[in-house]
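Report on one structure; see the data block that follows.
Letters A, B, ... are given to chains in the order of the sequence lines, protein chains preceding strands, and every chain is numbered from 1.
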There are 2 protein chains.
Amino acid sequence: MEGSGSKWIEHPLSMDSDSQPQKFFAGEFRHAIDQKNRITVPSDWRRGDGQGQEFIILPEPRFQFLLVMAAEEFARLSAQAESDQTVSARDRRTFSRQLHSRAKHAASDRQGRLVLPEDHCKELGLKGEVALVGGNGRFEIWNLQKWKRAQDEETPTYQHVANVIGL
Amino acid sequence: MEGSGSKWIEHPLSMDSDSQPQKFFAGEFRHAIDQKNRITVPSDWRRGDGQGQEFIILPEPRFQFLLVMAAEEFARLSAQAESDQTVSARDRRTFSRQLHSRAKHAASDRQGRLVLPEDHCKELGLKGEVALVGGNGRFEIWNLQKWKRAQDEETPTYQHVANVIGL
DNA sequence: AGGAAGTGGTTACAAATGGAGGGAAGTGGA
DNA sequence: TCCACTTCCCTCCATTTGTAACCACTTCCT
């Protein structure tokens with residue numbers, strides 16, 4: 001039913017100003033998308049009872065997968081981008097507009113499920129069994145075949161990094 | 001019936017002087033404009049019961065889409081522009097005149113609909129199904145084809161900035 | 001064996017849309 | 001100047017369709 005057990009993992013570098021430590025989605029799961037485009041958030045990634053948790057859904061720029069992050073995280077990131085003084089005001093405006101127009105809000109139901117936008121599911125080939133890949137405070141929803149391929153292609157990079165940090 | 005669910009998204013940086021946090025229209029919707037040029041405001045973007053909500057409608061300068069914003073937001077913006085001391089008094093007057101002459105007022109009916117100005121609809125090709133694009137306290141009404149094209153063209157910009165902030 | 005997690009389906013309600021009726025405003029003629 | 005007529009716009013009602021809440025079942029883990 002699930003790929004591998006993994007809970008929120010605390011990240012020592014990202015302790016925010018407030019008391020709550022920043023947590024990170026981690027691990028990989030295989031879940032199903034039903035005919036109503038619903039998908040259950042892995043129980044290990046839920047807060048509390050898991051219902052009513054707010055998420056922002058974004059298509060990946062190159063349209064390979066669906067990016068999901070906690071709503072607060074999204075607000076934080078977009079605020080950061082909009083106050084970035086290294087780009088022109090015009091670019092900031094364009095980006096902000098793009099970002100907000102592409103972002104879709106979703107809250108989990110009582111069973112801890114999200115409803116994904118129909119058009120995104122179509123474009124990304126998200127039907128039936130999909131891969132949920134966690135990391136860095138977000139998770140990604142992949143078409144299973146695409147994920148396996150991407151996985152294979154990235155193995156050399158992974159090997160390299162693993163060597164560097166002594167895995 | 002609609003593109004996808006998206007609520008107002010709170011913006012952490014834009015907490016105004018008053019207690020209410022500034023909220024942002026977000027997401028993209030597909031709605032229909034009927035024969036009387038009426039369009040329903042997405043329920044997620046309504047305040048309260050959604051009727052009697054006041055909006056200002058402006059054609060985009062290059063006449064690509066219709067800009068809609070809450071009336072208070074418009075008042076705030078125009079007041080700000082009119083007190084801008086970096087331009088001449090004459091320019092301020094011109095600007096103000098331009099702005100107010102182009103702006104049309106509209107209030108939502110009991111079903112949460114707005115009546116759009118006939119001439120604007122014609123000029124912008126707004127008939128039948130259109131795209132409602134939210135962001136930054138306003139939303140835009142696009143001819144569907146034009147919106148898809150604009151979306152494609154802006155993807156490189158989006159992708160670039162997304163990379164910068166780690167999306 | 002019990003509970004929790006994941007999945008499937010049904011039902012009720014609200015959102016979106018279409019169209020009809022009534023009142024105000026504008027126009028023309030006497 | 002006043003009245004009749006037309007036109008337009010606003011309000012209200014009705015229908016459809018999509019969504020979200022709810023319930024039920026299966027499987028796996030403890």
Side-chain angles (χ1 to χ4, degrees), chain A residues 1-8 25 27-55 57 68 104-122 126-132 134 139 141 144, chain B residues 1-8 25 27-55 57 68 104-122 126-132 134 139 141 144:
Chain A
M1 187 173 292
E2 80 172 46
S4 60
S6 311
K7 300 222 172 257
W8 294 78
F25 302 108
E28 178 192 331
F29 295 86
R30 302 283 157 87
H31 278 190
I33 294 181
D34 65 21
Q35 284 135 344
K36 294 158 97 181
N37 296 325
R38 295 181 297 191
I39 190 169
T40 63
V41 176
S43 62
D44 289 342
W45 294 350
R46 300 177 193 163
R47 277 188 212 274
D49 59 359
Q51 67 178 282
Q53 208 172 339
E54 315 238 343
F55 292 92
I57 300 173
V68 184
K104 318 258 176 179
H105 177 274
S108 53
D109 67 11
R110 208 203 278 188
Q111 282 83 332
R113 288 178 290 192
L114 296 178
V115 181
L116 304 178
E118 168 74 22
D119 46 350
H120 286 159
C121 287
K122 253 192 204 137
L126 300 179
K127 277 284 166 204
E129 197 184 15
V130 297
L132 293 156
F139 62 90
I141 304 178
L144 205 52
Chain B
M1 180 180 295
E2 81 168 47
S4 65
S6 309
K7 300 215 173 265
W8 296 76
F25 301 109
E28 178 192 332
F29 294 85
R30 304 281 159 88
H31 277 191
I33 294 181
D34 65 20
Q35 285 131 345
K36 296 156 103 176
N37 295 326
R38 294 181 298 189
I39 190 169
T40 64
V41 177
S43 62
D44 288 342
W45 295 350
R46 300 177 193 162
R47 276 189 212 275
D49 59 359
Q51 67 178 286
Q53 208 173 340
E54 315 239 343
F55 292 93
I57 300 173
V68 184
K104 310 244 179 179
H105 178 272
S108 53
D109 67 11
R110 207 204 279 191
Q111 281 82 332
R113 288 178 291 193
L114 296 178
V115 181
L116 303 178
E118 170 71 22
D119 48 349
H120 287 160
C121 287
K122 254 195 203 132
L126 300 179
K127 276 284 166 204
E129 197 184 14
V130 296
L132 293 158
F139 62 91
I141 304 178
L144 203 51

Sequence neighbours excluded, the answer for side-chain hydrogen bond (donor to acceptor under 3.5 Å, both in side chains) partners of B:Asn37 is B:Glu118, B:Lys127

Residue set satisfying side chain to side chain contact (heavy atoms under 4.5 Å, CB included) with A:Val41, at least two apart, ordered chain then number -> A:Trp45, A:Arg46, A:Phe55, A:Leu114

To the nearest angstrom, the CG-C1' distance between B:Leu114 and C:dA16 comes to 14 Å

Whole-Å distance, B:Phe29 CZ to D:dG18 P, equals 15 Å

* Would one find a side-chain N or O of B:Thr40 under 4.0 angstrom from OP1 or OP2 of C:dA15? -> no

To the nearest angstrom, the CD1-C1' distance between A:Ile33 and C:dG6 comes to 14 Å

- Does A:Gln35 put a side-chain nitrogen or oxygen below 4.0 Å from OP1 or OP2 of C:dG9? yes

Those residues at least two apart in sequence (or on a different chain) that pass side-chain hydrogen bond (donor to acceptor under 3.5 Å, both in side chains) with A:Gln35 are none

Separation between CD1 (B:Ile141) and NE2 (B:His31), nearest 0.5 Å, reads 10.5 Å

Contacts of B:Glu129 meeting side-chain hydrogen bond (donor to acceptor under 3.5 Å, both in side chains) (sequence neighbours excluded), chain-then-number -> none

A:His31 NE2 to C:dG8 C1', in whole Å, measures 15 Å

Atom CG of A:Leu116 and atom P of D:dA20 are separated, to the nearest Å, by 12 Å

Please write out the pairs of protein N or O atoms and N or O atoms of nucleotides 6-11 of chain D separated by less than 3.5 Å, giving the distance to one decimal.
unit_1	atom_1	unit_2	atom_2	d
D:dC10	N4	B:Lys36	NZ	3.4

Atom CG of A:Asp34 and atom P of C:dT10 are separated, to the nearest Å, by 13 Å

Taken to the nearest whole Å, CD/A:Gln111 to P/C:dG8 is 13 Å

Whole-Å distance, A:Trp45 CH2 to C:dA5 C1', equals 15 Å

Across all chains, not counting sequence neighbours, the side-chain hydrogen bond (donor to acceptor under 3.5 Å, both in side chains) partners of A:Ser108 are none

In this structure, CZ of A:Phe29 is separated from OG1 of A:Thr40 (nearest 0.5 Å) by 10.0 Å

The nucleotide from C:dG6, C:dG19, C:dT17 with an atom nearest the side chain of A:Arg46 is C:dG6

